[in-house]
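Report on the structure given below.
Worth saying up front: this structure is predicted, and the values here are computed from it rather than measured.
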Amino acid sequence: MNKLTAPEIEVALENLADWHYAYNAIEKSFTFKNHSLAFAFLTRVALHSEKINHHANYSGVYNKVTLKLQTHDAGGVTTKDIDFATAVEAF
C-alpha cells in the first residue's frame, strides 16, 4: 500500500469533518455525553478494526476518545486510513 502525499491527504480530509493531518497520521477527537457512550463508540471502532485487520491508535478519558490512524507498514497515511476514518464517521 502506497503512502499518500500531504496534498492528497488534505484533499481526502475535506470530506471528513474535524480530522486533521499531523506527524504522518490523521487524527480526530470525539466527545460523548458520558463514559458509556464513549466506550460503546470505542468498541465499534475495535470491531471494525478487527474486521478489516487495520488497527487504530486510540486514547480515552471518561467521555473523550481520540483516534489516530496511520498504516505502519507504509510509514504514514494510506487510502486504508482514509477509508477507516470514513467508516468511523458513519458509526
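Counting non-hydrogen atoms of neighbouring residues, nucleotides and ligands closer than 6.0 angstrom, the CG atom of N34 exceeds 12 such neighbours.
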#### Entry: Check against side-chain contact (heavy atoms from CB on, under 4.5 Å), L13 and I26
CA-CA 9 Å; L13 293 182; I26 58 174; 4.0 Å; yes
### Message
What verdict does the side-chain contact (heavy atoms from CB on, under 4.5 Å) test give for N57 and H55, after you've listed the backbone C-alpha separation in whole Å, the side-chain angles of each residue and the deciding distance to 0.1 Å?
### Response
CA-CA 7 Å; N57 292 327; H55 301 89; over 6 Å; no
### Query
Does the side-chain hydrogen bond (donor to acceptor under 3.5 Å, both in side chains) test come out yes or no for D83 and H54, once each step is laid out?
CA-CA 11 Å; D83 292 346; H54 188 56; over 6 Å; no
### Query
Can you list the steps and then say if T66 with E27 is a side-chain contact (heavy atoms from CB on, under 4.5 Å)?
CA-CA 7 Å; T66 300; E27 183 174 311; 3.6 Å; yes
### Query
After noting the C-alpha distance and the side-chain angles of F84 and V45, does the key distance pass the side-chain contact (heavy atoms from CB on, under 4.5 Å) rule?
CA-CA 9 Å; F84 195 139; V45 169; 4.0 Å; yes
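The two atoms that bring V77 and D81 nearest to each other are CA-OD2, 3.4 Å, heavy atoms only. Among all heavy-atom pairs drawn from A87 and H48, the shortest one is CB-NE2, 3.5 Å. Across A56 and L67, no two heavy atoms sit closer than the pair CB-CD2, 4.4 Å.
Rounding to the nearest 0.5 Å gives a distance of 10.0 Å between CD of E8 and OG1 of T79. Atoms CH2 and CD1, on W19 and I9 in that order, are 12.5 Å from each other to the nearest 0.5 Å. Taken from CG in L69 to OH in Y58, the straight-line distance is 13.0 Å, to the nearest 0.5 Å. Considering NE2 of H35 and NZ of K64, their distance stands at 13.5 Å, rounded to 0.5 Å. Rounding to the nearest 0.5 Å gives a distance of 10.0 Å between CG of L47 and CG of L42.
The hydrophobic clustering, which links ILVMFWY residues whose side-chain heavy atoms are closer than 4.5 Å, places L4 and V11 apart. In the hydrophobic clustering of ILVMFWY residues, with side-chain heavy atoms under 4.5 Å counting as a link, I82 and Y21 come out together. Y62 and F39 are not part of a single hydrophobic cluster, where members link through side-chain heavy atoms under 4.5 Å apart. Taken together through direct or relayed side-chain contacts under 4.5 Å among Ile, Leu, Val, Met, Phe, Trp and Tyr, L37 and F91 form part of one hydrophobic cluster.
Proximity of a side-chain donor or acceptor of E89 to a complementary backbone N or O of T86 within less than 3.5 Å is not detected. Side-chain N or O atoms of K28 include none that pairs as donor or acceptor with a backbone N or O of L16 at under 3.5 Å. Under the 3.5 Å distance criterion, the side-chain polar atoms of N63 are matched with a main-chain donor or acceptor of F32. Judged by distance alone, with hydrogens and angles left aside, the side-chain atoms of T71 form no donor-acceptor pair with the main-chain N or O of D73 at under 3.5 Å. With hydrogens and angles ignored, the 3.5 Å screen pairs a side-chain donor or acceptor of Q70 with a backbone N or O of N24. Of the possible donor and acceptor atoms, none in the side chain of N53 sits under 3.5 Å from a partner among the backbone N and O of E50.
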